[in-house]
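Please read the structure below before turning to the comments.
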Amino acid sequence: MSALIPRPPMEVAPGAVHVPGWLTDAEQRDLVTACRAWATGPVPIRRTRLPRGGVMSVQTVCVGWHWRPYAYSRTADDVNGRRVADFPDWMVRLGRRALLEAYGDRAQADGYTPDTALINFYDGQARMGMHQDKDERVPAPVVSLSIGDSCVFRVGNTETRTRPYTDIELASGDLFVLGGPSRFAYHGVPKVIEGTGDPATGLRSGRLNITMRVTGLTAADGGG
Ligand code: MD3
Ligand code: FE
């Protein structure tokens with residue numbers, strides 16, 4: 001995406017850094033290809049069931065560890081029982097590059113080893129309500145990559161799911177890193193802006209969001 005209005009890297013909140021247009025078209029295409037393959041299995045993409053009977057509007061596939069509310073496991077016991085795909089080394093390297101770009105701290109970036117990615121696909125009607133990501137046992141940053149249609153992304157505060165919050169637009173190729181005091185802030189996606197994606201990414205419609213995380217889990221929590 002080449003915006004008419006310049007969108008420089010911005011610290012939206014302490015530790016929350018937005019880097020517009022970080023991924024090249026070729027990198028976005030490669031990520032779309034990888035996500036399409038993961039979406040077919042071993043654990044196919046699906047809408048996650050919520051404990052109280054609802055179902056999420058986004059469609060999710062996980063790599064490294066399988067997430068469901070409110071736990072990680074190696075096998076997708078709420079889907080087909082199979083072990084999720086391994087977290088690839090190239091994605092660890094991409095995560096480290098992302099951290100270096102956002103914070104400029106090489107030692108921190110080199111020490112960053114994400115072990116899970118949650119891949120969410122949003123159709124034009126999908127939303128994500130305000131929530132905190134706190135199923136990880138360690139406070140390492142979350143790296144978010146967006147591809148396809150733009151969305152309104154809302155970053156709030158750590159105390160309540162309501163105001164004060166800041167709305168920003170996340171577009172195709174954007175990097176967002178959430179660390180420090182913002183790591184446990186409430187956040188959500190109130191709206192996808194249909195028709196804003198570029199088919200050159202390989203995604204004809206909808207929005208893909210990849211979040212890399214460090215679970216803090218080990219072999220003792222469910223396998224190698
Ligand atoms: C702010 N995804 O998968 S990514 C999620 O755009 C999720 O699909 C959104 O929230 C999406 O859980 C937002 C950016 C993000 C990720 C983790 C955060 C923002 C965050 C953790 C704390 C605060
Ligand atoms: Fe989240």
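Below, each value reflects all heavy atoms present in this structure, side chains not excepted, and no hydrogens, waters or symmetry copies. Predicted model, so just to flag it, every value in this text is computed and none were measured.
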Is there a donor-acceptor pair under 3.5 Å between the side chain of Tyr103 and the backbone N or O of Gly15? yes
Hey, are the side chains of Leu145 and Leu175 touching, using non-hydrogen atoms and a 4.5 Å cut-off? yes
Does Asp25 reach the main-chain N or O of Thr201 with its side chain, forming a donor-acceptor pair under 3.5 Å? no
From the list Tyr186, Phe176, Tyr165, side chain to side chain contact (heavy atoms under 4.5 Å, CB included) with Val155 holds only for Phe176
Between Val192 and Arg207, what is the shortest heavy-atom contact and its length? CG1-CB, 4.5 Å
Regarding Asp133 and Arg213, does a basic nitrogen lie under 4.0 Å from an acidic carboxylate oxygen? yes
So Leu118 and Tyr72, do their side chains get closer than 4.5 Å, heavy atoms only? yes
Side-chain (Thr75) to main-chain (Asp77) donor-acceptor, under 3.5 angstrom: no
Pick out which of Leu208, Ile147, Asn209 makes a side chain to side chain contact (heavy atoms under 4.5 Å, CB included) with Phe121. Leu208
Going hydrophobic residue to hydrophobic residue with side-chain gaps under 4.5 angstrom, can you get from Tyr122 over to Met56? yes
What heavy-atom pair brings Pro181 and Thr158 nearest, and what distance separates the two atoms? O-CG2, 3.7 Å
Salt-bridge test for Arg47 and Asp123: reply yes if a basic N is under 4.0 Å from a carboxylate O, no otherwise. yes
Is there a donor-acceptor contact under 3.5 Å from the side chain of His187 to the main chain of His131? yes
Do the side-chain N and O atoms of Ser146 and Asp174 include a donor-acceptor pair separated by under 3.5 angstrom? no
Under 4.5 Å between side-chain heavy atoms, counting indirect links through other Ile/Leu/Val/Met/Phe/Trp/Tyr residues: same cluster for Val177 and Leu31 or not? yes
Any side-chain to backbone donor/acceptor pair from Arg183 onto Ala140? Under 3.5 Å, distance only. yes
So do Ile193 and Glu169 actually touch side chain to side chain, heavy atoms under 4.5 Å? yes
Main-chain N/O of Thr162 paired to Asn157 side chain as donor or acceptor, under 3.5 Å: yes
Does Arg29 use its side chain to pair, donor to acceptor, with the backbone of Ala200 at less than 3.5 Å? yes
Has the side chain of Asp221 got a donor or acceptor atom that lies under 3.5 Å from a matching backbone atom of Thr218? yes
Would a distance-only check, ignoring hydrogens and angles, find a side-chain to backbone donor-acceptor pair under 3.5 Å from Ser57 to Arg127? yes
Would you say the side-chain atoms of Arg46 pair up with the backbone N or O of Thr60, donor to acceptor, closer than 3.5 Å? yes
Taking the side chain as every heavy atom from C-beta outward, state whether His18 and Leu170 have any atom pair closer than 4.5 Å. yes
